[in-house]
Protein chains: 2
Amino acid sequence: MRQDSAALPPPVLLGLLMARPRHGYELCKEFNRTLGQVWRLGLSQLYAQLKQLEDAGLVAAQEEPQPSRPPRKVYHLTPEGREVFLEWLQQPTPYLRQMRVDLMARLYFFRELGLPGLPELIARQKEVCRAQIERFERLAAEADDDFRRLVLEFRRGQVEAALRWLDRCLEPVGG
Amino acid sequence: MRQDSAALPPPVLLGLLMARPRHGYELCKEFNRTLGQVWRLGLSQLYAQLKQLEDAGLVAAQEEPQPSRPPRKVYHLTPEGREVFLEWLQQPTPYLRQMRVDLMARLYFFRELGLPGLPELIARQKEVCRAQIERFERLAAEADDDFRRLVLEFRRGQVEAALRWLDRCLEPVGG
DNA sequence: CGTGAATATTCAAAATATGAATATTCAACG
DNA sequence: CGTTGAATATTCATATTTTGAATATTCACG
């Protein structure tokens, strides 16, 4: 029975490598300390992701031999990895179900890495939300069946809540 | 790259078999027509689920030979299957991320099968939501870090929206 | 008579997730 | 001291899920 956690994470490992090169175990600790509240990633899963990223040429590893320990691989971003990450960071998430994970992760990196462009992303994300709300309303008006309307109303409510949250999250960080 | 759909569905196939026995393809059509808007289930995935349910003894199949076609398997609920389904139906969902799918499905079956007990389920679900909100507020008060607070506020907003929706969804169905 | 859609199911393969296995160091406990 | 358990670090085999292709028949359309 598979855990009901959010699907595979976005280029988050790339983001964690933006600050500096790290090896797998270190990434895991850092991840759990910060983004771990948003979703779970097992240690061996993390290594698997890392391998995929390496195959895709987005990260590269340097073996670091250690006296009397198995050598560890220190991963760093390739230029392409950096590009992919920065590109991902700017994109609003098109679906509600990804917001919990994707949007949170983006927000985290904007703050953590002190990158510019957060207000623009939020503005774009709000636009996406408004479009979704309109769409749900239109579909609800056309809907011939009660259940469909209920589903659409549920979703609209969720997106509206996200929109309100987006409005607040540009306010001064200290509260 | 895996599709970002909601995790594996709850005992929904059991629910579809409550009305009457059906074979796989028929279930798929019925599913897509109704609950298909809530999440996606591929045809071969559905057959896989069916197989699991059969192994678990919750459904049983009867081969129905057809002239000049491959025989089809008509599935029906076993008494245990029926029990499991009815038990599942009464339970509120403990996590926000399951609401989109689980709660919607339950609601659908309550209406579709004309079963009693919906107001009780909704009351219990609201209780769960209120408890979650309190928890988020408590954690946010304790939180030492901004990002954590933002995440918790996002979640609280989502649960509050769900709560408001639950309030409305007992109103007369016709609107 | 060929083409594509609908009916119906199975199977192999790819992608993901889980958990165990391996190996070393260090601190604490009695 | 010896050993037990936690922390460091990574790999691998297996289980589970998902996808897509393969198979086979009928029917409607032009």
Side-chain angles (χ1 to χ4, degrees), chain A residues 1-13 16-17 20-33 36 38-56 58-76 97-98 101, chain B residues 1-13 16-17 20-33 36 39-56 59-76 97-98 101:
Chain A
M1 194 73 70
R2 146 172 149 215
Q3 266 291 92
D4 176 60
S5 53
L8 101 166
V12 158
L13 297 185
L16 292 176
L17 290 174
R20 66 190 149 85
R22 302 177 213 245
H23 56 88
Y25 192 78
E26 210 181 340
L27 279 169
C28 182
K29 276 195 305 177
E30 179 65 9
F31 179 85
N32 284 332
R33 198 175 62 72
V38 179
W39 76 96
R40 294 276 136 203
L41 188 63
L43 195 43
S44 35
Q45 229 180 121
L46 186 144
Y47 281 108
Q49 294 260 332
L50 228 32
K51 197 175 158 48
Q52 273 177 239
L53 291 172
E54 196 178 6
D55 290 344
L58 303 180
V59 307
Q62 254 189 313
E63 289 249 338
E64 209 176 74
Q66 297 186 113
S68 74
R69 280 208 198 194
R72 59 193 188 182
K73 283 173 159 181
V74 178
Y75 289 91
H76 60 267
R97 61 176 175 276
Q98 290 172 357
V101 164
Chain B
M1 195 74 68
R2 146 172 150 217
Q3 266 291 92
D4 176 60
S5 53
L8 101 166
V12 157
L13 297 186
L16 293 176
L17 290 174
R20 65 188 150 85
R22 302 177 212 243
H23 55 88
Y25 191 78
E26 211 182 338
L27 279 169
C28 183
K29 274 195 307 177
E30 178 65 11
F31 178 85
N32 284 333
R33 199 177 60 73
W39 77 96
R40 293 276 136 202
L41 187 64
L43 196 41
S44 36
Q45 227 180 122
L46 186 146
Y47 281 108
Q49 294 259 332
L50 228 32
K51 197 174 157 50
Q52 274 178 240
L53 291 172
E54 196 178 6
D55 290 345
V59 306
Q62 255 190 312
E63 289 247 338
E64 210 176 73
Q66 297 187 114
S68 74
R69 280 208 199 194
R72 60 194 188 182
K73 284 173 158 183
V74 178
Y75 289 91
H76 60 268
R97 62 177 175 273
Q98 289 171 357
V101 164

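The analysis underlying the following values was restricted to heavy atoms, covering all of them including side chains, and did not include hydrogens, waters or symmetry mates. Lettering of chains follows the sequences in order, A, B, ..., and the numbering in each one begins at 1.
- When distances are taken from the side chain of A/L43 to each of D/dT10, D/dT17, C/dT18, the shortest belongs to D/dT10.
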Margin query: The test is side chain to side chain contact (heavy atoms under 4.5 Å, CB included); show your working for B/Q49 and B/E54 and say whether it passes.
Written below: CA-CA 9 Å; B/Q49 294 259 332; B/E54 196 178 6; over 6 Å; no

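- Which of D/dT8, C/dT9, C/dT18 sits closest to the side chain of A/S44 comes down to C/dT18.
- Put simply, A/Q45 has no side-chain N or O that comes within less than 4.0 Å of OP1 or OP2 on C/dG19.
- Atom CD of B/Q49 and atom P of D/dT16 are 14 Å apart (whole Å).
- With DNA chain C read from its 5' end, the first of the two nearest nucleotides for A/G42 and B/Y25 is the one closest to B/Y25.
- A straight line from CG of A/N32 to C1' of D/dA7 spans 14 Å, rounded to a whole angstrom.
- Taking the side chain of A/K73 as heavy atoms from C-beta on, and the options D/dC12, C/dC11, D/dT10, the nearest nucleotide is D/dT10.
- Checking C/dA8, C/dT18, D/dA9 against the side-chain heavy atoms of B/R72 singles out C/dA8 as nearest.
- The two residues B/P21 and B/V74 make their nearest non-hydrogen contact at CB-CG1, 3.7 Å.
- Here the closest non-hydrogen pair linking A/L17 and A/Y75 is CD2-O, 3.5 Å.
- Nearest nucleotide to the side chain of A/Y47, out of C/dT9, D/dA9, C/dT7: D/dA9.
- One N or O on the side chain of B/Y47 and one on the backbone of B/Y25 form a donor-acceptor pair closer than 3.5 Å.
- The nearest pair of heavy atoms linking B/W39 to B/F31 is O-CE2, 3.6 Å.
- Rounded to a whole Å, the NE2 atom of B/H23 is 12 Å from the C1' atom of C/dA6.
- In this structure, the CD atom of B/Q62 is 14 Å from the P atom of C/dT9, given to the nearest Å.
- A/K51 comes within 4.0 angstrom of no nucleic acid atom, judged by non-hydrogen atoms across all strands.
- One can place CG of B/L46 at 14 Å from P of C/dA8, the figure rounded to the nearest angstrom.
- Distance B/D55 CG to D/dT17 C1': 15 Å, rounded to the nearest Å.
- Within 4.0 Å (heavy atoms only), B/G24 reaches sugar-phosphate atoms of the nucleic acid but no base atom.
- Overall bending of the helix from C/dC1-D/dG30 to C/dG30-D/dC1, expressed as the angle between end axes built from five pairs apiece, is 10° (10° steps).
- Comparing B/E63 and B/K29 against DNA chain C, the residue whose closest nucleotide sits nearer the 5' end is B/K29.
- Residues passing the side-chain hydrogen bond (donor to acceptor under 3.5 Å, both in side chains) test with B/E30 are B/R33, sequence neighbours excluded.
- Across the protein-nucleic acid pair, A/F31 atom CZ and D/dT8 atom C1' stand 19 Å apart, rounded to whole Å.
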Checklist line | B/L50 and B/K73: CA distance, side-chain angles, deciding distance, side chain to side chain contact (heavy atoms under 4.5 Å, CB included) verdict | finding: CA-CA 11 Å; B/L50 228 32; B/K73 284 173 158 183; over 6 Å; no

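- In this structure, B/Q52 reaches the D/dT17 phosphate: one of its side-chain N or O atoms is under 4.0 Å from OP1 or OP2.
- The separation between A/E30 atom CD and D/dT8 atom P is 13 Å, rounded to whole Å.
- Proximity of a side-chain donor or acceptor of A/R22 to a complementary backbone N or O of A/L16 within less than 3.5 Å is detected.
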